[in-house]
Structure formats: structure tokens, C-alpha cells
A.B. asks: 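What follows is a single structure, and I will ask about it in a moment.
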Amino acid sequence: MHLDDRVARVFGDDEPTHLGSGWMSGTISVFLGVLAVGAVVCFYVPELLTSPDVRAVLPMPIVRTTIQLVIGAGFLLGFLSLLLRRRKTLGIAGVVLAMAAALAGGGNIPYEGAVPKTPVYLGLDWFLLNLLLLAIVFVPLEKLWPHKRGQSVFRRGWATDTIYFFVSHLLVQVSTLLTLMPAQVFFDWAIHPALQSAVRAQPAVLQFLQCMLVADLAEYTIHRFFHKSKWLWPFHAVHHSSTEMDWLAGSRLHIVDIVLTRGLTFVPLFVLGFDTGPLYAYLVFVSVHAVFIHSNVSWRFPRWVESVIVTPRFHHWHHAIEHEAIDKNFAVHFPFLDKLFGTYYGPAGAWPAGYGIHESDVPDGFASQLVYPIRPRRRSPDVS
Ligand SMILES: [Zn+2]
Ligand SMILES: [Zn+2]
């Protein structure tokens, strides 16, 4: 049975999900409960479950207060759901998770001294932080301005995409290492100190825009290769297998897709030697922008904005099921790259009718999709 169906069997029922039915309070309560328990676990084994880079910048008093607020809100919403809803699974789960987090110490768990450094760690804190921030921003946006009306947060494949989101954040150490390594190992020779000094002497805004441009040029090239090569396509087909788009759908990326795309995109950024300020600002921007362009948000932008920067409508066409949109809109920041290289598609104001791959043989589920590109196949994949 598919993971979505299994979760639905535990928590779902045929009661209404409208406001006042205890559905929203229940699901938010479970969400907050999971976040709270995760945060508490991080406090118990910080050396193994948290990232030193995240630890270095997180203001702990704010984190501790946030954990207490999350526990309190989780408990209250769980209790509200228990009152409103006939089936009590969601409410009980939310209350139990919040109570477990509180009894384990909540945001007040002390730890003495500096966290010892370990050679290997997981980014559970990185996962929880991003999940909280992105969900707070994008779930309301998709509810207030949905492109596909009536599409649930729990649309088909949501559980699979949550696992992608979880694994990619948990393995932050590995993915950072693999992103930096190709550039550092193979392109050290390409560094010219004079060029790097000239790049760094520019205003930060200019460097930020240049980061966007060179990264997008690299991304465009690799992305097009992923679509054109019959060896690479199955890895990227996993990303295109989503049949519904939302903020979480962009997380569905095969590990080979992530490593090759990020590793090669980082090469020009490394060689040009941008200042850390503009570079980090770009990394933050790209991570939020990538989520935004997949989101189920119907915002209409003026034509000039759509031709300057990639919007959800532009990237939704990249995922479109329509034949005329196949192998179009490869850019992730600047649509002019597709216009320049003859791969632009975007009929004025229109959105795709659906998303996915024609005659897709990409299976459902994280594990099946992990092995899908390397498993023997009887027929050649339909490149879309
Ligand atoms: Zn693609
Ligand atoms: Zn995409």
C-alpha cells in the first residue's frame, strides 16, 4: 500500500475537513508535536543530530522560547481537535506528542559547555528549522491564493516528498561535501587571484546578481543534459514524476540529480571566488526561490516581471504534461536564457492542464524511486 494511503488509514476518516471540524487543528497539532519532539531529541544528542553550521548561527534563547510555544500551541490545538472531532486520532496524537516533548524537558533541557565535534553528524535541526519556516510561509500562501483550488496539503505523493525533504536535510553534511568537492578537487587550477580580487571588489548587489547568472547558466546546461541524455534522464524523471505541484513537490530530487546539479553549479561560483556575504545571500535566495517556483500559488505577475525572473507559472510549464511544453523552460532564475537558447515556452497568462510524464514508469515511493534509475528496464524511457 502507498505511504499516503497508510497515513490516511491511521489519521483519516470521512468526517468533513472544513474550518470548525477539528481537522485543521488536529493536523497542525500533530505537525507541531512532531517538530517539538524532534527539537527535544536534538537537545539530547546535539553532537550527532545537529549541524555545527546551524548551531553557530541559531540564537538559543529564541530557539528555546519557540520550542515552548510550539509545545503549548500543539497541546491546545490537539485539545481543540479532541473537542470538535468525532474521531480522536489526530487530537490524541497531537496532545501525546506535545506532552512527550514537554515531559522530556521541552525548551529547558540544559547542556553544559560546547557541543563536542564529531566527524559525522545529521542535520535534524536543519530539517526542523526549514520545515517550520517553509510551512509557515507557503501553506498559508497556497491556501489564500491557490492555483489549483481544492488541492490538499495531503495531495498524492505528499508523504513521499516529505521523506525527500527529510532525507536531503538530514544528510546536509554529505550533500554539502559533495557540492563543494568537484569544484575544489577538479577546478583548483582555474583560480586566478587577480580575477577573484576584481570580483570581490564589486558591490555586493552586483556580486549577488552575478552569482544568480553564472549559477543559472551552469544549471541550465546541466538541466538540459539531464533531459537529453538517456542515461541521465531516469535520475531527473523522478523530479518530473509529481502529478501535483506545491511547495514540497520541488523536494522530489534523486540524490544523483542533487549531487551532479549542485556540484557542477558550484564550479563557476568557486572559480570566480565571490565574497561570502553575496554568496550566502544567493544560497538562501535559491533555496526559497526553488520552493516558490514549485508552489501551488496563482499569483499573476506583470509580463515584464515574468520575463525578468522565473515565476511559478514558468516552472510549472517545465513540469507540464502538454506535449508542446516538453523540454522547455530549463532556467531556474532567468527566463531570458531559455529565450536565448530557443527553449522558452509560456503562452500568455496560461497554466498547464496537468503535470508529470507521459506514460511514466517512475514508481511511487522514496525507496522505489531511489533504485528506479539503476534498475534494468525493458523499454527506453519516454523523455519528457
Ligand atoms: Zn527538468
Ligand atoms: Zn521542478
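Throughout, numbering of the chain's residues begins at 1 and tracks the sequence. Since the model is a prediction, treat every value here as computed from it, not as a measurement. Note that ligands are numbered from 1 as they come in the structure, with each ligand's atoms numbered from 1 the same way.
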A.B. asks: Checking one value in my table: which N/O/S atom of H227 lies closest to the Zn ion (ligand 1)?
C.D. replies: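 It is NE2 of H227.
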
A.B. asks: Name the residue from H316, E322, H240, E244 that meets the side-chain hydrogen bond (donor to acceptor under 3.5 Å, both in side chains) definition with Y355.
C.D. replies: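 Per the side-chain hydrogen bond (donor to acceptor under 3.5 Å, both in side chains) rule, the option paired with Y355 is H316, out of H316, E322, H240, E244.
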
A.B. asks: State the atom name: nearest N, O or S atom of H240 to the Zn ion (ligand 1).
C.D. replies: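 Per the distance ranking, H240 contributes NE2 as its closest N/O/S atom to the Zn ion (ligand 1).
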
A.B. asks: Between H227 and H318, do the side chains contain an N or O donor and an N or O acceptor separated by less than 3.5 Å?
C.D. replies: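 Yes, a side-chain donor-acceptor pair sits under 3.5 Å.
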
A.B. asks: Does the side chain of Y344 come within less than 4.5 Å of K328's, by heavy atoms?
C.D. replies: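 With C-beta onward as the side chain, the pair stays apart.
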
A.B. asks: Distance alone, cut at 3.5 Å: any donor-acceptor contact between the side chains of D338 and T343?
C.D. replies: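 Their side chains do contain a donor-acceptor pair, which is all the 3.5 Å distance test asks for.
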
A.B. asks: Rounded to the nearest 10°, what angle sits at the Zn ion (ligand 2) between NE2 of H315 and NE2 of H319?
C.D. replies: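 Here the angle at the metal atom is close to 90°, to 10°.
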
A.B. asks: To the nearest 10 degrees, calculate the angle at the Zn ion (ligand 2) involving NE2 of H294 and NE2 of H239.
C.D. replies: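 Angle NE2(H294)-the Zn ion (ligand 2)-NE2(H239): 100°, rounded to 10°.
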
